[in-house]
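A short worksheet on the structure shown next.
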Amino acid sequence: MIDKNFDPASFEQAIYARWEREGAFRPARPDAKPFTIVIPPPNVTGSLHIGHALDNTLQDLLIRWHRLNGRDARWIVGTDHAGIATQMVVERQLAQAQQPGRTAMGREAFLEKVWAWKEESGGTITRQLRRLGASCDWENERFTMDDGMNEAVLKVFVTLYKQGLLYRDKRLVNWDPKFRTAISDLEVETREVAGTFTHIRYPLADGAVLDSGADHIVVATTRPETMLGDTAVAVHPGDARYTSVIGKHVLLPITGRRIPIIADEHADPELGSGAVKITPAHDFNDWAVYERNKAIGWINILDAEARICAADGVPEAYEGLTREDARQQVVTDLEAMELIERIEQKTIQMPYGDRSGVVIEPYLTDQWYVNAAELAKDALSAVHDGRTQFVPKTWEKTYFNWMENIQPWCVSRQLWWGHRIPAWYAPDGRVFVAETEAQAQAQAGDVGLTRDEDVLDTWFSSALWPFGTLGWPDATPDLARHYPGDVLVTGFDIIFFWVARMMMQGLHFMGPERSDPKDRVPFRIVYCHGLVRDAKGQKMSKSKGNTVDPLDLIDKYGADALRFTLTAMETQGRDIKLNESRIEGYRNFATKLWNAARFAQSNGIAGSTSPLPPAASQPVNRWIIGEVRSAARALEQAIADFRFDAYADVIYKLVWSRFCDWYLELIKPLLGEGADAEVAAETRAVAGWALDQILVMLHPVMPFLSEELWHQLAVRDDLILAEWVKTDQLPEDAAASADIDWLISLISEVRSARTEVNVPPSAKLAYAVDGASPATLARLTANAAAIERLARILPGDVAPGGRLQVVHFEATILIPIGDVVDLAAEKSRLDKAMTAAIKERDALAGRLGNPGFTEKAKPEAVEKAREDHAARSAEAERLEAALSRLG
RNA sequence: GGGCGUUUAGCUCAGUGGUAGAGCAUCUCCUUUACACGGAGAGGGUCGGGGGUUCGAAACCCUCAACGCCCACCA
């Protein structure tokens, strides 16, 4: 028996265990068409946040839907080593435990600690995904640093190197002084902060003067300390103020170095003084100036922690100062020399590390770069020609814009946790890139080699996820079958980080293996969902303290309610403002269905596993068959359109507004005492079938509840809904729907008539039931006057004595009636309704009289207007008649 | 400086050329034998402003405004 209380916690975990135990997430369907989704691998040591809950709910919905529809649906799952994030956590743990730090313990010992932490916390997020109900292929769980992925990473690195698409280069990188590593452009976020704009006088050397007579050039900077590393002053070649001094020098204050005045387009005559200081080693623009004017050279004045280091002309007193302290010191010294023209307070843009939160320093180092511009070519055309499509489409523009302006991708990181770069160096500086040290040694000959200390950017391996997880570089059956993935579901915030890189690597490495260009892309659809925000629309963050833990929500409302909420609120990429009351509402929905099933069971209605609806003669049964069918069609459309909100809406309305509110109410008399046995049997069969269909349709969104009820109502206990194949053979039955539409409108009429007759607060409601029980008849007798009154208002025949039978409807229905007390109010209401009907009727008549409308509008629209006009006319007449009967 | 998005009921949002919708909230009534996590009803909107296209615009075009996001080297 279905329990009186709906308690999701009582069955969710047991159901999940059964699914997994019986292999429901990967039923053997060798002949079926595959359907593949590759999970965005979460941080292996992380825990599930609400964004994961959304992302994975949507994926699970798609996977389960296609699995129910017979596809060989497979959800590839695994976790990411998350280089910098994980290393950070472990370093923090060591510090808290007052153990030796990373550098003190050394690389091997530190990596052991990280692996230990991975083992310890690695199961958390996958357990949490199970709580959510994610039907992943757990038997083949992967990790970005498992043997297979390591092999793929090595192969890709070496291949790109051999192809000249990956190279080592000395150039400015975004340097994180806190973690002492390079990071990519994408890991830098620009923030506006209050800063200063310092105008400094650089004295001209050798007695030179400007045409204006000045003996100095003014340059402005937000970072005065970098002047220690200046190697030139640039002016625009066409700037008349400075033509006479181009090629001459200034004396760089504090350092006493003579630096040249050069002409370069970079200097904008419109800005400030028109002259700009050039610090090649500490500014991206200035580096570009240096590349055009190599003679000026460059001077590095900072160490890896962004402290002033020994450098040409830098006074010893500066060495070891932080950037901030050095800035202060420079300004103080220059002021003493009266070389500060003025200092403006100004809002300036500063680069920050997205993980470390410290100011990023442009820093001159040797790093490994991928020629992303080359790889981007095919990645661009694949989206242009639709081999991969973004949903919603608007993200394609973002993708194009970034890809078209893509910069070399810095892939080396000065970290320890990650894939170590497979490059070895000979003492003479020669580089050998190979998959193994032995191969490198073979190339190098008889010299000692040292391996590159650095590791790869985490996204380097994530980029290989769609094929690395399927066994590549081996030509496995899985790879042949499940690449490309059908859909990638992800947040728009990682389009650049991840989606773009997967596109580039997928196309490049699967290109040679697939003859059809359509099969080279890593996935055919990229579905980008929005961010989950708090109820006020603010971004959730730990620092704001406004995060919600999906596990708490699951404990409180059940996984299904959370899933349904996220599904219903996902409207194609728009951000979601999560409100707990909404979850509560969908928990109530689950309860509603639970109770409906309980009612069904107590009335002898058993489940069904047949896709075919039973033969039905009763209008109400034929109607619900039509409703179920039309809902099924709407769901197919919702899936085809990636309209998750529509999916939830259709099933919600079918269950609540159709099945519960109408159907179950309407069939009560058909099942009660004294009911026709044949009708009752038919009704039980149809109700059981409809309920089964509902559970199947609901399953992708609410897998736990649907599975539980399916078993509770089941004819066979050995079947599992999660691996069930729905056979789609529902017949079209438009006639049945039309038939019952008329019935519904009639009942609505009766109901609205009831309000028109104004039930007073004190009135007892009664039911008029054909073949009612003696007790009911007794109550009806007491309300005979009301029945009579109703008879004067309704167009149908009302039999006095308690048998209220509405026109041609043979099944008995329940009609609430009430005492009529206020005749004047009733008349006024009828009058109001009649006026409204007439107004609408006349408006429609006006439109129908408009040739522009009847000739140009769509035929359906005209037809609908005609029908509505007829309906309003009839309504108006009916109300008028009712009014006149009231006298 | 570019680009994108949003603006519809108190709140959260659907609705892309044909009589303005849903959920929640509010108010009224209901111990009715699946469900008060329920039922029956009600109130509430000049669809951000202005202009245009059209027989007809929340929807299409132009423009303004507000809010939000992304990208970008103004030293």
Side-chain angles (χ1 to χ4, degrees), chain A residues 2 4-6 185 190 197 219-223 226 234 266-268 270-279 283-288 348-349 351 362 392 394-395 397-398 401-402 405 492-493 495-496 530-531 535 537 539 557 561 568-569 571 573-579 581-582 584-603 643 645-646 649 652-653 657 660-661 664-665 668 672 751-752 754-755 759-767 814 816 818 839-841 843-844 847 850-858 860-862 864-865 868-869 872:
Chain A
I2 296 174
K4 178 145 175 47
N5 293 314
F6 167 59
D185 300 349
T190 309
F197 201 44
V219 293
T221 180
T222 55
R223 301 197 50 196
T226 62
H266 168 60
D268 183 347
E270 304 292 314
L271 286 171
S273 68
V276 56
K277 62 192 273 305
I278 301 298
T279 322
D283 183 283
F284 287 100
N285 284 315
D286 295 359
W287 181 258
I348 56 173
Q349 316 267 325
T394 174
W395 291 112
K397 272 189 189 167
T398 307
N401 187 45
W402 188 69
N405 298 297
F492 61 80
D493 51 328
I495 289 177
F496 303 148
L531 257 44
K539 209 167 171 175
Y557 301 105
M569 296 186 79
T571 57
R574 191 161 161 155
D575 285 354
I576 291 174
K577 284 183 203 168
L578 189 66
N579 197 327
S581 71
R582 196 83 188 252
E584 196 183 339
Y586 291 123
R587 190 273 320 269
N588 296 350
F589 169 73
T591 308
K592 182 79 178 175
L593 180 59
W594 180 268
N595 283 305
R598 199 159 66 87
F599 167 79
Q601 191 179 55
S602 69
N603 278 280
R643 286 304 304 257
D645 57 331
D649 191 51
Y652 186 95
K653 285 204 169 86
S657 311
C660 291
D661 283 354
L664 290 186
E665 293 301 328
K668 280 176 182 172
R751 285 188 171 173
S752 61
R754 191 205 66 178
T755 51
V759 180
S762 59
K764 291 273 185 211
L765 288 184
Y767 284 114
L814 315 176
K839 201 175 148 193
E840 282 181 20
R841 180 196 67 192
L844 287 160
R847 182 182 302 167
N850 177 348
F853 176 64
T854 48
E855 286 159 22
K856 295 184 187 177
K858 277 187 277 193
E860 308 92 87
V862 178
K864 185 171 182 302
D868 290 345
H869 178 256
R872 287 296 88 83

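When reading the values below, keep in mind they use all heavy atoms of this one structure, side chains included, and skip hydrogens, waters and symmetry mates. A, B, ... follow the sequence lines: proteins, then strands. Residue 1 opens every chain.
Between K277(A) and T226(A), some side-chain heavy-atom pair lies under the 4.5 Å cut-off. The shortest distance between side-chain heavy atoms of N401(A) and K397(A) does not fall below 4.5 Å. Taking the side chain as every heavy atom from C-beta outward, D286(A) and H266(A) approach each other to under 4.5 Å. Between N595(A) and F6(A), the closest side-chain pair of non-hydrogen atoms is not below 4.5 Å.
In this structure, the CG atom of N401(A) is 9 Å from the P atom of A72(B), given to the nearest Å. The interatomic distance linking I278(A) (CD1) with A75(B) (P) rounds to 13 Å, in whole Å. Distance R574(A) CZ to G15(B) C1': 12 Å, rounded to the nearest Å. For the pair W395(A) CH2 and U6(B) P, the computed distance is 11 Å after rounding to whole Å. In this structure, CG of D575(A) is placed 12 Å from C1' of C70(B), rounded to the nearest angstrom. Distance CG (N5(A)) to P (C35(B)): 11 Å, rounded to an integer number of Å. For F492(A) and G68(B), the CZ to P distance is 15 Å, given to the nearest whole Å. If you take CZ of F589(A) and C1' of A22(B), they are 14 Å apart, rounded to a whole angstrom.
Listed pair R598(A) / U33(B) fails the phosphate criterion, with no side-chain N or O lying under 4.0 Å from OP1 or OP2. Taking only side-chain nitrogens and oxygens, N588(A) never comes nearer than 4.0 Å to OP1 or OP2 of C35(B). Side-chain N/O atoms of R847(A) include none lying less than 4.0 angstrom from OP1 or OP2 on G17(B). Considering only side-chain N and O atoms, T571(A) lies under 4.0 angstrom from the phosphate OP1 or OP2 of A14(B). When the side-chain nitrogen and oxygen atoms of K668(A) are compared with OP1 and OP2 of A34(B), one or more of them lie within a distance under 4.0 Å.
In this structure, A267(A) reaches the bases: a heavy-atom distance under 4.0 Å links it to at least one base atom across the strands shown. Using a 4.0 Å heavy-atom criterion, one finds that A596(A) contacts the bases of the nucleic acid, with or without backbone contacts as well. Residue contacts shown for Q601(A) are absent, as no nucleic acid heavy atom lies under 4.0 Å away. Counting any heavy atom pair closer than 4.0 Å across all strands shown, T394(A) reaches sugar-phosphate atoms only and no base atom.
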Give me, pair by pair, the N or O atoms of the protein and of nucleotides 10-12 of chain B that are less than 3.5 Å apart, along with how far apart they are.
none

Protein-nucleotides 55-59 of chain B N/O pairs closer than 3.5 Å?
| residue | atom | partner | partner atom | Å |
| --- | --- | --- | --- | --- |
| C55(B) | OP1 | K856(A) | NZ | 2.8 |
| C55(B) | O2' | N850(A) | ND2 | 3.2 |

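Between G18(B) and G56(B), the two C1' atoms lie 7 Å apart (nearest whole Å). Using P as the reference atom, A72(B) and C62(B) are 28 Å apart when rounded to the nearest Å. Distance check on atom C1': U6(B) versus U12(B) gives 14 Å, rounded to whole Å. Comparing the P positions of G43(B) and G52(B) gives an interatomic distance of 35 Å, to the nearest angstrom. C37(B) and U8(B) have their P atoms separated by 32 Å, given to the nearest Å. If you take atom C1' in A57(B) and the same atom in C47(B), they sit 11 Å apart, rounded to whole Å. When the P atom is compared between U7(B) and G49(B), the two are found 13 Å apart, to the nearest whole Å. Taking atom C1' in both C70(B) and G23(B), one finds a spacing of 32 Å when rounded to whole Å.
Taking all atoms of both residues into account, the shortest heavy-atom contact from V219(A) to V276(A) is CG1-C, 4.0 Å. Contact between P362(A) and F284(A) at its shortest, heavy atoms only, is CB-CE1, 3.7 Å. Of all non-hydrogen atoms in K577(A) and M569(A), the two that sit nearest each other are O-CE, 3.0 Å.
Here U19(B) is the nucleotide among A75(B), U19(B), C37(B) with the atom lying nearest to any side-chain atom of R872(A). Candidate nucleotides G23(B), A75(B), U19(B) were compared by shortest atom distance to the side chain of E840(A), and U19(B) ranks first. Comparing atom distances between the D283(A) side chain and each of A75(B), U19(B), C35(B) picks out A75(B) as nearest. Nearest to the side-chain atoms of R643(A) among the listed nucleotides A14(B), A75(B), C35(B) stands A14(B). Comparing atom distances between the F496(A) side chain and each of A40(B), C70(B), U19(B) picks out C70(B) as nearest.
The pairing partner recorded for G38(B) is C30(B), the criterion being a Watson-Crick or G-U wobble arrangement whose two distances lie under 3.5 angstrom. When both pairing distances are held under 3.5 Å, C55(B) makes a Watson-Crick or G-U pair with G18(B). Using N1 to N3 plus N6-O4 or O6-N4 for Watson-Crick, or N1-O2 and O6-N3 for G-U wobble, each under 3.5 Å, G1(B) pairs with C71(B). Base pairing annotation: U7(B) forms a Watson-Crick or G-U wobble pair with A65(B), both donor-acceptor distances under 3.5 Å. Nucleotide G44(B) forms no Watson-Crick or G-U wobble pair with any nucleotide shown, as no partner meets the under 3.5 Å limit on both distances.
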Exercise for the section: Under the side-chain contact (heavy atoms from CB on, under 4.5 Å) rule, what do K668(A) and F599(A) come out as? Steps first, then yes or no, please. Expected result: CA-CA 10 Å; K668(A) 280 176 182 172; F599(A) 167 79; 3.7 Å; yes
Problem set entry | Check against side-chain contact (heavy atoms from CB on, under 4.5 Å), T591(A) and R587(A) | CA-CA 6 Å; T591(A) 308; R587(A) 190 273 320 269; 3.8 Å; yes
| message | Between W594(A) and N5(A), does the side-chain contact (heavy atoms from CB on, under 4.5 Å) criterion hold? Intermediate values first, please. | response | CA-CA 9 Å; W594(A) 180 268; N5(A) 293 314; 6.0 Å; no
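With the nearest nucleotide of RNA chain B identified for both E584(A) and L593(A), L593(A) has the one nearer the 5' end. With RNA chain B read from its 5' end, the first of the two nearest nucleotides for K539(A) and K277(A) is the one closest to K539(A).
Taking CZ of R598(A) as the reference point, atom CD1 of I2(A) lies at 8.0 Å (rounded to 0.5 Å).
A donor and an acceptor atom never sit less than 3.5 Å apart when one is taken from the side chain of K592(A) and the other from the base of C37(B).
Aromatic pair Y557(A)/Y586(A): centroids not less than 6.0 angstrom apart.
Between K653(A) and D649(A), at least one side-chain nitrogen of the basic residue sits less than 4.0 Å from a carboxylate oxygen of the acidic one, meeting the salt-bridge criterion.
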